[in-house]
Student: 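Below: one structure in structure tokens.
Throughout, a chain's letter reflects where its sequence line sits, starting with A, and its residues are numbered from 1.
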Amino acid sequence: MSPSRRPPGGARQLTDYAGRVLDVAEAIPRGLVMSYGDIAEYLGEGGPRQVGRVMALWGGGVAWWRVIHADGSLLAGHERAALARYREEGTPMRLDGDGKPSRVDMRRARWTPAP
DNA sequence: CGTGTGACACGTA
DNA sequence: TTACGTGCCACAC
């Protein structure tokens, strides 16, 4: 448990759940990703929006760029940083009309934790 | 206690 | 392919 994933402030009951979400996020291998819904489904509790909430609050301490939308679109406002990570990790990307990487190729990059 | 909002997902057009 | 409506759930007002 790294210090940086400690809640900034008055976190309450969400802390336990947040811990599980962050555990999963930390377990995502280099070059692969999970969607918010994937994590919620794997945990068997909460939902995509709850996972998104956890990531919004405490995601800074983990590989946040490996947790994205189910359609492979990138985190709004952090596309530049995310693309840089994907490029160095070799994450499978889909190209847009200009031949530039725009979103993650979920067919190849999606990862599921071992049961 | 109702209403609005959000780092979402999905069906439909 | 994108856009919109709806379901979902926690939280701020």
Student: Separation of A:Gln50 atom CD from C:dG7 atom C1', in whole Å?
Tutor: 12 Å

Student: Can you give me the closest heavy-atom contact between A:Arg66 and A:Arg30, atom names plus distance?
Tutor: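 It is NH2-CG, 3.4 Å.
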
Student: Partners of A:Arg85 by salt bridge (charged side-chain N to carboxylate O under 4.0 Å, His left out), sequence neighbours excluded?
Tutor: A:Glu88

Student: Side-chain contact test, heavy atoms from C-beta onward, threshold under 4.5 Å: evaluate it for A:Met93 versus A:Leu83 and give yes or no.
Tutor: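 Answer yes - side chains close enough.
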
Student: Figure out the CD/P separation between A:Glu45 and C:dC8, and round it to whole Å.
Tutor: 18 Å

Student: Whole-Å distance between B:dG6 C1' and A:Met55 CE?
Tutor: 15 Å

Student: A:Ser102: what forms a side-chain hydrogen bond (donor to acceptor under 3.5 Å, both in side chains) with it, not counting sequence neighbours?
Tutor: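 Checked A:Ser102 against side-chain hydrogen bond (donor to acceptor under 3.5 Å, both in side chains); zero matches.
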
Student: How long is the line joining CG of A:Leu43 and C1' of C:dC9, in whole Å?
Tutor: 15 Å

Student: Do A:Trp111 and A:Pro29 have side chains that approach each other closer than 4.5 Å (heavy atoms only, starting at C-beta)?
Tutor: yes

Student: Check whether A:Asp71 reaches the backbone of A:Ser73 with its side chain - one donor and one acceptor, N or O, closer than 3.5 Å.
Tutor: yes

Student: Under the side-chain hydrogen bond (donor to acceptor under 3.5 Å, both in side chains) rule, collect the residues that match up with A:Trp64, sequence neighbours excluded.
Tutor: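 A:Trp64 satisfies side-chain hydrogen bond (donor to acceptor under 3.5 Å, both in side chains) with no residue once adjacent residues are dropped.
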
Student: For the residue pair A:Ala25 and A:Met55, what are the closest heavy atoms and their distance?
Tutor: CB-SD, 4.5 Å

Student: In dot-bracket notation, what is the pairing pattern of DNA chain B, taking Watson-Crick (N1-N3 plus N6-O4 or O6-N4) and G-U wobble (N1-O2 and O6-N3) contacts under 3.5 Å, with [ ] crossing and | for other strands?
Tutor: .|||||.||||||

Student: Summarise protein proximity over nucleotides 8-13 of chain B in one line of letters, 5' to 3': B for base, S for sugar-phosphate only, - for none, counting protein heavy atoms closer than 4.0 Å.
Tutor: BSS---

Student: Taking OP1 and OP2 of C:dT1, is either one under 4.0 Å from a side-chain nitrogen or oxygen of A:Arg94?
Tutor: yes

Student: Does anything in residues 101-115 of chain A come within less than 4.0 Å of DNA chain B? Heavy atoms only, and list the residues if so.
Tutor: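 Of all residues in residues 101-115 of chain A, none places a heavy atom under 4.0 Å from DNA chain B.
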
Student: How many Å lie between CG on A:Leu57 and C1' on C:dA12, as a whole number?
Tutor: 13 Å

Student: Is the count of non-hydrogen atoms from other residues, nucleotides or ligands lying under 6.0 Å from A:Glu79 atom CD greater than 12?
Tutor: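 More than 12 heavy atoms, drawn from other residues, nucleotides or ligands, come within 6.0 Å of this atom.
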
Student: Quick one: does A:Leu43's side chain get under 4.5 Å of A:Tyr17's, heavy atoms only?
Tutor: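 Yes - at least one pair of side-chain heavy atoms lies under 4.5 Å apart.
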
Student: Which pair of non-hydrogen atoms, one from A:Met106 and one from A:Ile68, has the smallest distance, and what is that distance?
Tutor: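 Distance-wise, the nearest heavy atoms are SD-CD1, 3.9 Å.
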
